[in-house]
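These notes are about the structure you will find just below.
Heavy-atom basis, side chains included; hydrogens, waters and symmetry copies ignored. Quick caveat: nothing in here was measured; it's all calculated off a predicted structure.
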Protein chains: 2
Amino acid sequence: MMEHEESRDRVIIEGVKPEIDGGRFPIKRIIGDKVVVEADIFADGHDVLSAALLYRKEGDRKWSEVPMDFLVNDRWRGSFVVSELGRYHYTFIAWVDRFKTWRQGMVKKVEAKQDVSVDFLVGAQLVEEASQRARKRDAGNMQKWAESLRSNQVSPSAKAKLALGGRLTAIMTKYPDGRFAVTYPRELVVVVDREKACFSTWYEMFPRSCASEPGRYGTFKDCEMRLPYISEMGFDVLYFPPIHPIGYTSRKGKNNTPTAKPDDPGTPWAIGSEEGGHKAVHPQLGTLDDFRKFIGKAREYGIEVALDLAFQCSPDHPYVKEHPEWFRWRPDGTVQYAENPPKKYQDIYPLEFEAENWRELWEELRSVVLFWIEQGVRIFRVDNPHTKPFAFWEWLINEVKADYPDLIFLSEAFTRPKVMYQLAKLGFNQSYTYFTWRNVKWELTQYFTELTQTDVGEFFRHNLWPNTPDILNDYLRDGGRPAFMTRLVLAGTLGANYGIYGPAFELCENRRRDKESEEYLNSEKYELKQWDIKSPESLKDFIARVNHIRRENPALQSDLSLRFHSVDNDSLICYSKRTEDLSNVILVIVNLDYRYKQAGWVDLSLEELGLDRGKSYKVHDLLADATYRWQGSRNYVELDPQRIPAHIFRIHQGITKSRD
Amino acid sequence: MMEHEESRDRVIIEGVKPEIDGGRFPIKRIIGDKVVVEADIFADGHDVLSAALLYRKEGDRKWSEVPMDFLVNDRWRGSFVVSELGRYHYTFIAWVDRFKTWRQGMVKKVEAKQDVSVDFLVGAQLVEEASQRARKRDAGNMQKWAESLRSNQVSPSAKAKLALGGRLTAIMTKYPDGRFAVTYPRELVVVVDREKACFSTWYEMFPRSCASEPGRYGTFKDCEMRLPYISEMGFDVLYFPPIHPIGYTSRKGKNNTPTAKPDDPGTPWAIGSEEGGHKAVHPQLGTLDDFRKFIGKAREYGIEVALDLAFQCSPDHPYVKEHPEWFRWRPDGTVQYAENPPKKYQDIYPLEFEAENWRELWEELRSVVLFWIEQGVRIFRVDNPHTKPFAFWEWLINEVKADYPDLIFLSEAFTRPKVMYQLAKLGFNQSYTYFTWRNVKWELTQYFTELTQTDVGEFFRHNLWPNTPDILNDYLRDGGRPAFMTRLVLAGTLGANYGIYGPAFELCENRRRDKESEEYLNSEKYELKQWDIKSPESLKDFIARVNHIRRENPALQSDLSLRFHSVDNDSLICYSKRTEDLSNVILVIVNLDYRYKQAGWVDLSLEELGLDRGKSYKVHDLLADATYRWQGSRNYVELDPQRIPAHIFRIHQGITKSRD
């Protein structure tokens with residue numbers, strides 16, 4: 001049976017939101033965010049309670065205390081601002097407030113003109129008790145007040161004035177009776193990331209395909225030449241597939257053929273050769289120094305370089321010889337190569353995390369991350385994290401973020417939903433999603449409602465990719481240029497974080513290797529490419545426009561305000577995002593049909609948009625730079641995929657304001 | 001940062017259902033129930049898992065283990081039957097199953113006619129390792145099989161047959177590799193009550209109003225005469241308001257007047273006088289011995305007697321003198337009487353649970369419960385539990401139920417929802433509800449969906465009361481006899497537990513004291529009553545019929561199968577209950593309008609009722625004993641409140657069967 005050490009405690013604190021899995025996992029915020037938390041707080045009987053939210057930076061010993069507000073139905077709310085990177089803790093304290101209870105009774109009785117002479121005496125006792133807890137100066141006043149409440153010399157009306165006055169309440173609030181205060185049994189955690197964890201615009205590119213002449217292996221220096229182009233399009237993260245030496249054993253040939261020709265470069269994910277492993281740079285890309293220089297150059301363009309963490313080895317990786325115990329050897333002396341059914345990676349050995357010396361393996365992998373941090377990298381895209389143990393990632397991310405809280409880890413876990421979410425819970429700051437395969441209205445609506453309107457939004461930050469080097473989906477293959485525009489607008493407005501794999505994307509590359517897979521024809525995973533980035537067909541300017549709109553409109557820089565609005569046409573999808581203060585409200589309407597012009601009536605939730613039912617308002621299409629005057633919730637839209645398949649409206653509320 | 005003692009564990013167990021507040025509170029079942037539990041169980045990678053549900057009776061050291069079944073989307077399910085009263089614990093264990101993983105790979109490769117020679121060797125190793133864990137007899141076989149898988153003498157097809165055969169799988173399942181098995185960190189609890197906790201039919205009666213002659217104080221002997229009447233109506237719990245001596249100080253007069261006349265009997269809830277306190281019987285009701293005899297007599301009629309636990313005192317209660325420290329004295333030497341705003345109880349002192357010697361108070365109150373248990377009482381209706389600390393109830397109920405697991409505590413907490421639910425979570429076995437004030441379709445639907453289709457159903461068992469001595473609601477007042485019939489059917493079919501306050505109910509007493517309150521005119525809380533139970537207007541036979549239907553139909557004996565069906569008329573409400581095996585399916589339709597005949601089309605969810613869309617079926621109205629043949633989901637109904645305001649249909653499925 002349970003123990004009751006001190007069972008005069010009467011307050012219950014429960015139903016806390018946000019709280020992930022009973023406090024097992026932190027919630028995520030970015031610096032400067034207001035963390036709003038709610039809890040059910042109540043006690044037996046009819047006494048009045050007080051409650052406070054406690055918070056502190058991890059490592060600090062002292063809690064800050066903010067009073068919580070009672071909402072309705074025993075629900076309380078409080079908030080605090082996270083002003084530093086790292087981890088904050090928060091919890092709650094609440095108590096039966098005898099003074100407030102007494103004061104509430106006084107108010108009622110005084111109003112009802114009931115006799116309150118005994119109540120004055122009770123009040124005097126409460127004030128006197130509180131004075132024992134007070135600072136000397138306050139204590140003196142309090143004792144005087146207690147005397148007045150008791151005194152026969154003071155008139156009842158003067159006593160009532162004192163009892164209900166603001167000064168007494170203020171001082172009594174300062175010295176609450178904490179004897180039976182109840183503290184919530186758990187400390188909950190907020191991980192505070194930098195802004196880019198929440199709002200980032202990614203461009204993925206194979207550095208070896210950046211050479212100016214066909215057939216030459218591109219270098220970091222070639223990549224420098226590409227920076228103005230990337231910057232003009234408005235990207236702020238440039239992500240490179242692995243830049244390490246590539247193995248020779250079982251190297252893949254063009255189009256994933258099982259045997260490579262002598263000049264086939266191999267896939268960058270088959271990491272490691274005699275030239276080095278995860279801490280080395282592929283000699284044909286340049287030197288480590290070149291890489292560091294490139295990072296600096298990119299920074300001048302406002303671009304951060306993200307590296308790929310692919311914890312796996314080519315059969316030629318130095319680890320295979322130095323640490324054979326980190327691989328699972330079969331009785332015939334071979335190692336089973338990696339598989340992600342139906343994909344086979346004969347050129348890749350997985351690491352064995354069930355090894356006896358797993359601790360050394362963990363330490364080594366951490367040293368890899370620290371190595372690249374020392375080179376200036378702060379963003380990592382993690383390859384297939386779902387094929388390594390959860391406990392490893394939780395340890396790794398928390399260990400390195402303790403020293404480098406500005407780190408961002410993007411989880412590339414194209415796997416089952418619970419696994420995907422678990423990785424986000426345990427520490428990944430951004431995550432790839434199923435967006436790549438969500439193309440029709442109902443599935444987009446359902447999926448993004450789940451991502452933004454449930455607890456998922458507290459720990460899972462989506463990063464939307466319409467394509468990747470592994471995935472050219474049916475929609476892009478079949479729809480061509482209008483489909484690429486549609487998917488770009490969706491990614492860039494449904495996701496404050498999004499990215500494209502270029503130049504394949506902006507050049508609308510939509511040729512597949514075969515019917516069965518989603519692989520690109522002549523994928524640059526297996527060969528060097530030469531892209532015609534100056535092609536007049538390029539979506540470069542359109543992308544630049546969308547990214548410009550994202551930068552200019554804070555509503556598009558976070559995701560939790562996302563709301564869908566009805567349209568009476570299933571080919572049209574309509575949604576909005578807004579800032580908390582409604583100073584920036586964006587309404588997006590996209591034609592999902594890349595073939596035909598579609599039209600329909602949107603039915604807006606005006607309240608959500610902060611609009612007045614009676615007044616007209618201005619919608620400014622930031623894509624086409626056209627302005628319309630709308631009225632009420634129902635409005636007509638028409639979108640032609642052959643021109644621009646979307647509206648990105650900024651809503652200007654209030655006629656007076658927009659005239660200014 | 002977190003510790004990772006053994007971080008080769010790879011399995012995650014989360015998302016457990018049922019689990020109340022992260023395991024803080026037990027779920028509730030009755031004896032013989034199957035406890036079905038689900039969890040999300042998954043690991044990194046693509047390995048196959050095994051999972052088991054562990055359970056044990058509290059106090060037992062050994063766990064029983066049941067394998068869990070994989071459903072879909074990483075969801076697993078298992079179940080066990082609770083066959084004894086008391087508390088059971090359950091938790092989960094799961095592990096990466098190397099053998100199953102290997103076997104699954106074998107199946108695929110054999111089907112694809114791939115080379116599996118290395119796989120045989122891997123399998124041999126797994127079998128050999130398992131043989132180290134096996135009993136001697138099994139170990140021998142296993143070693144032989146391992147040798148066969150390795151042997152060059154055995155043909156590949158024979159090896160494949162062995163590898164994929166049932167015998168090897170069976171024996172390998174017996175000796176799993178538990179090295180990295182993960183146990184769920186919490187033990188969850190099920191409280192197993194007897195059947196009556198879930199299915200009971202209550203009758204509340206003032207024993208002092210049972211005298212055969214007007215003006216005489218009724219006795220337990222008089223109550224005996226009433227037993228056949230109560231039994232004929234089909235009630236199985238007879239609940240008495242407090243039977244203790246009643247105080248004289250500030251005793252209430254008729255209709256709650258603040259001063260009593262000499263012959264006013266006072267309210268039974270003003271407990272205690274010089275004649276005794278909570279362990280005494282009011283002398284005018286009889287002796288303790290009479291009470292024990294009455295309990296025995298009632299048992300002969302299949303009726304259990306429930307007592308009222310009202311932990312409060314009249315100013316004359318012996319506690320006031322013996323334990324003045326159990327009351328909160330004001331500076332003027334008085335005790336503030338009890339209030340439940342706007343109600344005032346000048347004749348009642350609350351107990352002070354914040355007293356310094358609260359432990360003694362708790363012990364004393366437990367001794368009160370034990371005293372009545374010794375007299376043979378096993379059901380307690382607890383008066384206003386929400387005005388005493390939660391910790392007290394949790395301790396009290398768990399303490400006494402440890403020795404008497406057949407106890408049933410009904411919580412009379414007409415208060416805010418979270419407080420009401422908290423009391424249920426911490427141990428009350430049944431609870432009063434807001435049913436008393438839910439009279440129209442949308443609010444009944446919403447409320448009972450919350451009670452039965454959410455986690456609430458796991459811990460909160462509703463007991464529905466259309467009236468109580470404190471509450472004569474507007475609906476009954478205005479609607480008279482048809483309204484009483486309607487509310488009886490709703491209570492008796494929406495609630496497997498329900499009760500009425502009689503004979504006021506069956507005699508359709510609907511006169512109020514005044515317009516403001518819900519009090520009865522000349523309430524028997526303050527005076528002796530003489531009820532004309534033989535009145536031809538009595539609903540006795542109707543009640544008997546409804547209670548008979550409840551007894552005959554197991555579907556009505558629990559609540560979690562409740563589902564609402566559409567009707568195109570807001571005055572008609574339609575819902576069903578069913579047994580798990582569909583052998584008993586009940587469909588209820590009630591006319592909520594006590595004035596006019598109402599008709600409409602019901603639109604049944606056929607799947608819910610186990611009905612075939614194409615076939616007709618028979619519905620037998622158990623109230624009117626009329627049978628109809630229905631077809632499909634849409635059927636016409638018509639109900640006249642002046643005759644019978646409800647259908648209680650038993651659905652007979654399948655034409656063939658119903659012909660038999």
Side-chain angles (χ1 to χ4, degrees), chain A residues 1-2 4 7-10 12 14-15 21-24 40 42-46 73-75 96 108 117-119 121-122 124-125 150 179-180 330-332 334 336 339-341 350 353-356 358-359 362 385-395 398-399 402 416-419 422, chain B residues 1-2 4 7-12 14-15 21-24 40 42-46 73-75 96 108 117-119 121-122 124-125 150 179-180 330-332 334 336 339-341 350 353-355 358-359 362 385-395 398-399 402 416-419 422:
Chain A
M1 285 297 104
M2 63 216 62
H4 284 279
S7 284
R8 287 182 290 178
D9 296 348
R10 292 165 51 199
I12 303 290
E14 62 171 31
D21 295 357
R24 165 71 180 83
D40 294 330
F42 53 89
D44 62 277
H46 308 285
N73 192 18
D74 293 315
R75 197 81 181 150
V96 173
K108 281 185 189 162
S117 51
V118 181
D119 300 79
L121 298 178
V122 172
Q125 205 170 314
R150 278 206 191 95
R179 276 183 305 159
F180 308 132
R330 302 192 295 178
D332 67 338
T334 63
Q336 174 64 56
E339 290 180 294
N340 193 358
F353 283 87
E354 287 185 0
E356 285 304 319
W358 57 272
R359 282 175 201 272
W362 286 26
H386 59 291
T387 60
K388 289 97 196 169
F390 299 111
F392 164 68
W393 292 119
E394 188 169 19
W395 170 83
N398 284 305
E399 280 284 307
R416 287 125 51 214
K418 290 178 187 157
V419 175
Q422 185 73 17
Chain B
M1 285 295 104
M2 63 217 59
H4 285 278
S7 285
R8 286 183 290 178
D9 296 348
R10 292 167 49 199
V11 181
I12 302 290
E14 62 171 30
D21 295 357
R24 165 71 180 83
D40 293 329
F42 53 90
D44 61 277
H46 309 286
N73 192 17
D74 293 315
R75 196 79 180 151
V96 173
K108 281 185 190 161
S117 51
V118 181
D119 300 81
L121 299 178
V122 172
Q125 204 170 315
R150 279 207 191 95
R179 275 182 306 159
F180 309 131
R330 301 191 294 178
D332 67 338
T334 63
Q336 174 63 56
E339 289 180 295
N340 193 358
F353 283 87
E354 287 185 0
W358 58 272
R359 283 176 201 270
W362 285 26
H386 59 290
T387 60
K388 289 97 196 167
F390 299 111
F392 164 69
W393 292 119
E394 187 168 21
W395 170 84
N398 284 305
E399 280 283 307
R416 286 123 53 212
K418 297 193 179 144
V419 175
Q422 184 72 17

Could you tell me whether Asp44(A) and Lys388(B) make a salt bridge, using a distance below 4.0 angstrom between a side-chain N and a carboxylate O?
-> no
With a 6.0 Å cut-off on ring centres, are Phe180(A) and Phe353(B) close enough?
-> no
Interchain contact, Ala124(B) with chain A, by part (heavy-atom threshold 4.5 Å) | neither
Answer whether the closest heavy-atom distance between the side chains of Phe42(B) and Arg416(A) falls below 4.5 Å.
-> yes
Max heavy-atom pairs within cutoff under 4.5 Å with chain A, candidates Ala355(B), Gly22(B), Pro385(B), Gly23(B), goes to Ala355(B)
Give a yes or no on whether a salt bridge exists between Arg24(A) and Glu14(B), defined as a side-chain N under 4.0 angstrom from a carboxylate O.
-> no
Locate the shortest heavy-atom distance separating Phe390(A) from Arg10(B); write the atom from each residue and the value.
-> CD1-O, 3.8 Å
Kindly indicate whether the side chain of Pro331(B), heavy atoms from C-beta on, has any atom under 4.5 Å from the side chain of Gln125(A).
-> yes
At a heavy-atom separation under 4.5 Å, does Asp21(B) approach chain A through its side chain, its backbone, both, or neither?
-> side chain
Nearest 0.5 Å please: distance from the CZ atom of Phe392(A) over to the OG atom of Ser7(B).
-> 11.0 Å
Hey, could you give me the CG/CD distance between Asp40(B) and Gln422(A), rounded to the nearest 0.5 Å?
-> 9.5 Å
By side-chain hydrogen bond (donor to acceptor under 3.5 Å, both in side chains), Arg150(B) pairs with (sequence neighbours left out) Glu128(B)
In terms of side-chain geometry, is the basic nitrogen of Asp74(A) or Lys418(B) positioned less than 4.0 Å from the acidic oxygen of its partner?
-> no
Can you list the residues that meet the side-chain contact (heavy atoms from CB on, under 4.5 Å) rule with Arg330(A), with sequence neighbours excluded?
-> Asp332(A), Thr334(A), Gln336(A), Val118(B), Val122(B)
Do the charged groups of Glu354(B) and Arg179(A) touch, with an N to O distance under 4.0 Å?
-> no
So which heavy atom on Ala43(A) is nearest to which on Val419(B), and how close?
-> O-CG2, 4.2 Å
